[in-house]
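Since the model is a prediction, treat every value here as computed from it, not as a measurement.
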Amino acid sequence: MKYGINIFEDLNNEKIQYIVWKNTNLIGKFFNGQENLDIYIHKDNHDRFKFLLKKNNWIEVKSTSNNYNEIKHYLSFDYNTILHIYDYYKFFTGNSISKNYDLSNFINYFQNKNFDKKYKIWILNHDIQLLLFNIRLAIKKKSLLGRYLISREKNYYNEEISYILSNTKFKKKYKNENELLKSIKKFKRVSSFQTFLSEILFLKNIFFQK
């Protein structure tokens with residue numbers, strides 16, 4: 001096993017609560033250094049999680065777009081492979097730039113997890129993944145940039161939802177997008193105007209970088 005991947009063995013042995021909460025269809029590619037992994041860590045385990053990252057030689061890096069204290073980027077360098085994880089200390093999601101919702105208290109995620117025996121890693125229950133997938137898309141569609149990103153990464157989203165549906169048990173039909181957004185209204189952490197300004201600033205930075 002590659003050295004950087006030992007982090008998951010340590011996490012499991014130390015009984016630290018974490019989950020891969022989206023794009024679980026890409027775990028294999030993550031281990032090959034082709035994709036990143038989004039991990040949500042239980043609030044009681046943040047310090048121990050960071051300690052084990054350091055122990056396993058993971059290095060914190062900064063994003064080229066937005067950085068949040070609640071979401072950290074870590075890399076592990078192992079021979080010709082670079083492993084990349086996003087560590088969520090709060091469940092910020094939604095708009096790609098502003099992460100305008102905090103769903104930390106939306107669901108008890110750690111009571112809805114499954115152990116992936118192939119990769120020996122804890123993942124979020126696929127039925128909850130399906131709910132979050134629909135919520136994520138509903139939020140993104142509220143902005144022009146979000147709709148553009150969805151269209152640009154259409155195949156990426158199609159692969160994710162196909163994998164989730166192939167693993168869900170109940171095939172539950174969720175509410176329409178407006179009802180979904182209404183159900184998470186109290187978890188909104190950034191106003192629509194602030195989200196708009198964040199997107200404008202992001203596009204401005206991209207323009208000047210080019």
Just do the side-chain contact (heavy atoms from CB on, under 4.5 Å) check on N100 and T93 with the steps written out, would you? CA-CA 6 Å; N100 50 336; T93 189; over 6 Å; no

Report the C-alpha separation of V20 and D38 in whole Å, then their side-chain angles, then the decisive distance to 0.1 Å, and conclude whether the side-chain contact (heavy atoms from CB on, under 4.5 Å) test is met. CA-CA 6 Å; V20 179; D38 294 79; 5.6 Å; no

Go through it in stages, so that I can follow the logic: the residues are F77 and I59, the test is side-chain contact (heavy atoms from CB on, under 4.5 Å), and I'd like the CA-CA distance, side-chain angles, deciding distance and then a yes or no. CA-CA 9 Å; F77 301 88; I59 300 172; 4.0 Å; yes

Go through Y40 and H42 one step at a time and tell me if the ring pair (Phe, Tyr, Trp, His ring centres under 6.0 Å) criterion holds. CA-CA 7 Å; Y40 181 46; H42 191 282; 8.2 Å; no

Let me see the working for H126 and Y163 under ring pair (Phe, Tyr, Trp, His ring centres under 6.0 Å), right down to the final yes or no. CA-CA 9 Å; H126 289 97; Y163 178 81; 5.7 Å; yes

Step by step, would you call L11 with L52 a side-chain contact (heavy atoms from CB on, under 4.5 Å)? CA-CA 7 Å; L11 292 172; L52 288 177; 3.8 Å; yes

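Counting heavy atoms of neighbouring residues, nucleotides and ligands inside a 6.0 Å radius, atom CZ of F115 exceeds 12 of them. Residue-environment remark: CG (D47) stays at or below the threshold of 12 foreign heavy atoms within 6.0 Å. Within a 6.0 Å radius of CZ in F51, no more than 12 heavy atoms belonging to other residues, nucleotides or ligands are found.
Across Y74 and D87, no two heavy atoms sit closer than the pair CD1-OD2, 3.0 Å. A pairwise comparison of heavy atoms in Q17 and N45 identifies N-OD1, 2.8 Å as the closest pair. The shortest non-hydrogen separation linking L144 to R147 is CD2-NH2, 2.9 Å. Contact detail for S143 and G146: the closest heavy-atom pair is OG-N, 2.9 Å.
Cation-pi check for K186 over F106 is not met; the charged atom does not lie both under 6.0 angstrom from the ring centroid and within 45 degrees of its normal. Cation-pi contact between R189 and F92: present, with separation from the ring centre below 6.0 Å and deviation from the ring axis of at most 45°.
Looking only at side-chain heavy atoms (C-beta outward), I97 and L145 come within less than 4.5 Å of each other. Side-chain atoms of E14 and R48, non-hydrogen and from C-beta on, do get closer than 4.5 Å to each other. By the 4.5 Å heavy-atom criterion applied to side chains, I123 and K113 are not counted as neighbours. Residues N57 and K54 form no side-chain contact, since every pair of their non-hydrogen atoms from C-beta on lies 4.5 Å or further apart. The shortest side-chain heavy-atom distance between D116 and W122 does not fall under the 4.5 Å cut-off. In this structure, the side chains of L37 and N23 stay at 4.5 Å or more apart for every pair of heavy atoms. With contacts defined as side-chain heavy-atom distances shorter than 4.5 Å, the pair Y157/K140 qualifies. Using a 4.5 Å cut-off on side-chain heavy atoms (C-beta onward), L132 and L124 make contact.
F187 and I128 fall within a single hydrophobic cluster, where Ile, Leu, Val, Met, Phe, Trp and Tyr side chains are chained together by heavy-atom contacts under 4.5 Å. Note: the hydrophobic cluster containing V190 does not contain L103 (ILVMFWY, side chain heavy atoms under 4.5 Å, direct or indirect links). Both F91 and L181 belong to a common hydrophobic cluster when Ile, Leu, Val, Met, Phe, Trp and Tyr are linked at side-chain heavy-atom distances under 4.5 angstrom. I41 is connected to I27 through a chain of hydrophobic side-chain contacts under 4.5 Å among Ile, Leu, Val, Met, Phe, Trp and Tyr, so both are in one cluster. If you chain together hydrophobic residues whose side chains sit under 4.5 Å apart, I71 and Y101 fall into the same group.
Between E9 and K120 there is no salt bridge, since none of the side-chain N atoms of the basic residue sits less than 4.0 Å from a carboxylate O of the acidic one. A salt bridge links K62 with E60: at least one charged nitrogen is closer than 4.0 Å to a carboxylate oxygen. Ion pairing between E160 and R136 holds under the 4.0 Å rule for side-chain N and carboxylate O.
Atom OH of Y156 and atom CG of L149 lie 12.0 Å apart (nearest 0.5 Å). Between the CD1 atom in I82 and the CG atom in N36 there is a gap of 12.5 Å [rounded to 0.5 Å]. Taken from NZ in K29 to CG in N25, the straight-line distance is 8.0 Å, to the nearest 0.5 Å. Note: I19 CD1 to Q129 CD = 8.5 Å, rounded to the nearest 0.5 Å.
The ring-ring contact (aromatic ring centres under 6.0 Å, His included) test with W21 is passed by exactly one of F110, Y88, Y109: Y88.
Residues N12 and Y18 have side chains that bring a donor and an acceptor to within less than 3.5 angstrom of each other. Q194 and S98 share no side-chain donor-acceptor pair at under 3.5 Å.
Aromatic ring centroids of Y86 and H73 lie under 6.0 Å apart.
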